[in-house]
Amino acid sequence: MIAIAGATLLDGSGGPPKPNAVVVVRDDRIEEVAWGSGARFPKDAVLIDAPGMTLMPGLIDCHDHLAHFGHDLATRWGINEPQSLRGARVYSVLKQTLETGFTTVRDAAGLDAGFREAVDSGLMPGPRLQVALNFITPTGGQADRTSPSGHSPSLVPQPDLPLGIADGPSAMRAKVREMVRAGADVIKTAVTGWGRPTRGLGPKDLIMTRAELDALVDEAHVMGRKVMCHVLGGPGLRMAVEAGVDSIEHGSYLNEDPDLLPMMARKGIWLIPTFSVFVHHAARGTPHESARAKDFREHHVSSLKLALKAGVKVAAGSDAGAWVHGNNAHELSCLVESGMTPLDAITAATGDAAQCLGMADAGTIAPGKKADLILARGNPLQDVTILERGRAVEFVMKDGRVFLDRRGAKPSP
Ligand SMILES: [Zn+2]
């Protein structure tokens, strides 16, 4: 039994901070939560004394790409290095992500289910994983990785990451089943392009029919999987909301169709804006990507503000894996910059994120919940950026197991 005592508690529910908290952990679960001057802990508990620190649920990133390492063709196709070396890179990213305070990550394409099994069985350290394996889209969409010269990565098959191309409703159903067979926890699709200069793949270009999306959503739901849907703007937004996907990923131009927001709120469709990735596009993308990202920044921020006003639930997802690993908390800073309070941004990455992922027993600190806990030095409600790159994170527990404890250690120069 472990007792963490003396920290200020942010329990992930969105409630106010509670000073001088005591949280008792037995095995993999939280057993007791108390705070204030009368809070006591059992005498036989191993004490973790944490004055001056903030105790929070482990952070959750609802949209990342943990196995992406670059944008050039050879890297994207996975032909520039042995698979074992690629696997070792992923191992190091998973460890780093956990040690920066993220105890759960939903991978939105690129990571195979073996990593989830390896983490769950204790073979390697890492956040708890939900994996999508690959996008499912028609020919020419994000799932189609054919090169500009017409060469196809199907020449280098990766059976644990099925190719996601499907045309027509019945092929969509078969593809969902294939992803589930290969271990997908969630189904990832895209109904618009994003920032490619390629004709037909712009942020408002529709790349799928309603009948195809209906079939995909229905089949995923029959198989108990949520649908995360990449969509930026234009008619695809209405199609995704009407078809009943579970989350709108990006949603940058929602402000141009504000009548969709009350519909999203009513249907319980989440918005995962992923501001973080567009900061990278603006700073480091191709000239076209950079211009595009700067172009829709205003729409994106206004979309978030209108969504919050309409009562749409918002969850944190960085989508930054393709650019940088280990700074998933950058998204919290982005959410605050875009108008959320630090408390709401933290809730979007804890209690609300767990709801978005369908994890009823994670994301908040309450008796019976998973013991996913972090301690941060200082007060992220005053400055949420202290969480970036895990700078302030000195202690990480997942499922009751301690993965990082550098309390009192001198920060590295
Ligand atoms: Zn993504």
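Each residue takes its place number in the sequence, starting with 1. Computed from a predicted model, the values in this text were never measured in an experiment. For ligands, and for the atoms within them, numbers begin at 1 and follow the listed sequence.
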**Asked** For Lys18, does the NZ atom sit with more than 12 other heavy atoms under 6.0 Å from it, leaving out its own atoms?
**Response** yes
**Request:** State plainly whether the residues Asp372 and Arg128 are in salt-bridge range, i.e. N to O under 4.0 Å.
**Result:** yes
**Prompt:** Within the stated cut-off of 2.8 Å, is an N/O/S atom of His230 closer than that to the Zn ion (ligand 1)?
**Reply:** no
**Item:** Arg238 and Asp257 ion-paired at < 4.0 Å
**Value:** yes
**Asked** Salt bridge or not for Asp28 and Arg401, using N-O below 4.0 Å?
**Response** no
**Message:** With carbon and hydrogen excluded and only N/O/S kept, which atom of His65 is nearest the Zn ion (ligand 1)?
**Reply:** NE2
**Item:** the Zn ion (ligand 1) to nearest N/O/S of Asp319 less than 2.8 Å
**Value:** yes
